[in-house]
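What you see below is based on every heavy atom in this structure, not just the backbone, and it leaves out hydrogens, waters and symmetry mates.
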Protein chains: 2
Amino acid sequence: MSQMKSEHIPKATIGRLAVYIQVLENLLRDGNDVISSEKLARACSVNSSQIRKDLAYFGEFGVRGVGYYVQELITSIKQSLGIDRIWKCALIGVGNMGAALLRHHDFEKRGFHIAAAFDCDPDKIGREFESLEIVCPTHLKEQAPEMGLEIGIITTPPDRAQRAANHLVDANIRGIINFAPARINVPAHIPVEYVDFFDHLYAIAFQITLGND
Amino acid sequence: MSQMKSEHIPKATIGRLAVYIQVLENLLRDGNDVISSEKLARACSVNSSQIRKDLAYFGEFGVRGVGYYVQELITSIKQSLGIDRIWKCALIGVGNMGAALLRHHDFEKRGFHIAAAFDCDPDKIGREFESLEIVCPTHLKEQAPEMGLEIGIITTPPDRAQRAANHLVDANIRGIINFAPARINVPAHIPVEYVDFFDHLYAIAFQITLGND
DNA sequence: TCAATCATGTGAAATATTTAACAAGGGGAG
DNA sequence: CTCCCCTTGTTAAATATTTCACATGATTGA
Ligand SMILES: NC(=O)c1ccc[n+]([C@@H]2O[C@H](COP(=O)([O-])OP(=O)(O)OC[C@H]3O[C@@H](n4cnc5c(N)ncnc54)[C@H](O)[C@@H]3O)[C@@H](O)[C@H]2O)c1
Ligand SMILES: NC(=O)c1ccc[n+]([C@@H]2O[C@H](COP(=O)([O-])OP(=O)(O)OC[C@H]3O[C@@H](n4cnc5c(N)ncnc54)[C@H](O)[C@@H]3O)[C@@H](O)[C@H]2O)c1
């Protein structure tokens, strides 16, 4: 957060910054060292002013008359978002979804290290999965500070999501991602993000239906 | 789409409607037959006018002085979104993520039937998974119209996403959900939704970092 | 039947976000 | 060194979305 400039940043901006990183990393892989906001905009399907405005919230990263140095810009965006370091995560609910996430090594690559896995199923507790021992959630409170766990990932069934959230809050976790389709209540200072694929399926179904009339 | 009233509907509204359905179904399960916009608003962490406005895009579903009949409202929202029917989906890429989705029976429950699974790996082609035979993507073009496949779900590695999209477009699919972290190009009339968990992880990391200053 | 009550649906006001337009400034050719 | 070109950063205008405020209409009980 080296050069933050502005007060409130639109939620939508954060989403777009994630897209910019994705596209910039592909550009870099293809050998592009420099890019203009105009070209980046086309690749991201947004307006070029939008990109310049989004970046302006955090600082000045470009060179007038030239554009942005791709590697430098990636670094700057990551710094701005606070993802220029490793975040340690705790996953609760090692089922279908939880296991898929544990096997997915992009988490590590992108700076989110799932350092501990919890499940309340006695058959699972004590077993090892992806080189993590599955632990009972009651141990969260003692393990979280010990291990420096900061973000909780909930992948329990929806009717267990609140319970899982309670464990996380109790363990002083600082933010929560909830994959279960259920709202949870936590203290206001703990940010919660809901991941629900069905949002997107609904949006597609709606757009298809619209275009069809 | 029985009683559509308005022209353009904000994207954010669609996202909220998905949340309303989620919360309403829980309310129904808990035995609530009627609910006011005020109470629903609290459960969804939004403003009550927002709810009334969102619903007003599609029609009048409430009763003044009373509120909304929960079951009726669920039905109305589903009709409005075009999810009051079964959508047949094709999944491309039966790896880690694709397999988790195939095993996840909420898709069926929510009206999205994954009717066919494609993968280009010779070791996987011909195998059966979750009672679906895994098929080579070159067969998409012939199978899609036969089976009435309408929505494509991409779960290939990112560098294969465009190829998968091409197969889907070629097969006259009507909409695409892309789980791979890569932008894809398709004709303008085909809606694409990108699912990327990292958006949410970034958002959490950012909010934690902000609150920390 | 009528009045009191209550929560919706909606137009108008307040905010927020996106887009356009351009002044400012870096880089390179001559 | 100067001029010209190019693209950023930013201010201002245009849109879009959210919130407020209240008239409207359904329901209930006297
Ligand atoms: N699988 C998918 O593709 C998918 C897709 C979207 C959403 N989801 C959501 O993700 C969640 C998990 O789905 P799944 O398919 O993995 O289900 P699952 O039943 O396979 O796994 C759930 C796991 O959570 C554990 N659990 C239950 N209560 C717990 C508690 N209080 N503390 C700790 N662990 C607990 C169970 O023992 C089980 O291992 C669900 O809410 C589901 O709706 C899954
Ligand atoms: N696993 C997760 O939890 C997770 C989370 C977020 C995003 N993703 C994304 O989902 C995608 C899939 O991830 P994964 O972990 O399942 O990877 P994976 O390697 O396990 O599976 C990819 C599958 O796609 C198949 N495939 C490759 N090219 C293909 C083509 N042209 N046509 C058809 N099939 C093809 C492969 O044979 C393989 O079976 C990746 O883009 C990944 O970034 C996965």
### Query
If we ignore angles and hydrogens, is there a donor and acceptor under 3.5 Å between the side chains of A:Y194 and A:D199?
no

### Task
Evaluate the ring planes of B:F198 and B:Y202, with Trp represented by its six-membered ring, and classify them as parallel (under 30°), tilted (30 to 60°) or perpendicular (over 60°).
tilted

### Message
List the residues meeting ring pair (Phe, Tyr, Trp, His ring centres under 6.0 Å) with A:F179, not counting sequence neighbours, and say none if there are none.
### Response
B:F197

### Message
Using the side-chain heavy atoms of A:V63, tell me which of these nucleotides is nearest: C:dT10, C:dG26, D:dT27.
### Response
C:dG26

### Task
Starting at atom OH of B:Y57, determine the distance to atom C1' of C:dG11, rounded to an integer number of angstrom.
13 Å

### Query
Taking atom C1' of C:dA16 as reference, at what distance in whole Å does atom CG of A:D54 sit?
14 Å

### Query
Is it true that atom CZ of B:R163 has more than 12 heavy atoms of other residues, nucleotides or ligands lying nearer than 6.0 Å?
no

### Query
For the pair made of CZ in A:F61 and C1' in D:dT10, what is the distance, rounded to whole Å?
15 Å

### Message
For a quick test of reading the model: is some side-chain N or O of B:Y69 closer than 4.0 Å to OP1 or OP2 of C:dA7?
### Response
no

### Task
Measure across B:L81 and A:T209 and return the closest heavy-atom pair with its distance rounded to 0.1 Å.
O-OG1, 4.2 Å

### Query
So, the side chain of A:T155 versus the backbone of A:G93: is there a donor-acceptor pair under 3.5 Å, distance only?
yes

### Task
Return the value, rounded to whole Å, for the distance between atom CG of A:L55 and atom P of D:dT7.
16 Å

#### Entry: Nearest-nucleotide comparison on DNA chain C, the residue closer to the 5′ end among A:K11 and A:R64
A:K11

### Task
Using a cut-off of strictly less than 4.0 Å between a heavy atom of the residue and any atom of DNA chain C, enumerate the qualifying residues of residues 25-53 of chain A by number.
A:N47, A:S49, A:Q50, A:R52, A:K53

### Spacing between B:F58 atom CZ and C:dT8 atom P, to the nearest angstrom
18 Å

### Task
Find the distance B:Y20:OH to C:dT8:C1' and express it as a whole number of Å.
15 Å

### Message
Could you tell me how far apart B:E60 (CD) and C:dG11 (P) are, to the nearest whole angstrom?
### Response
11 Å

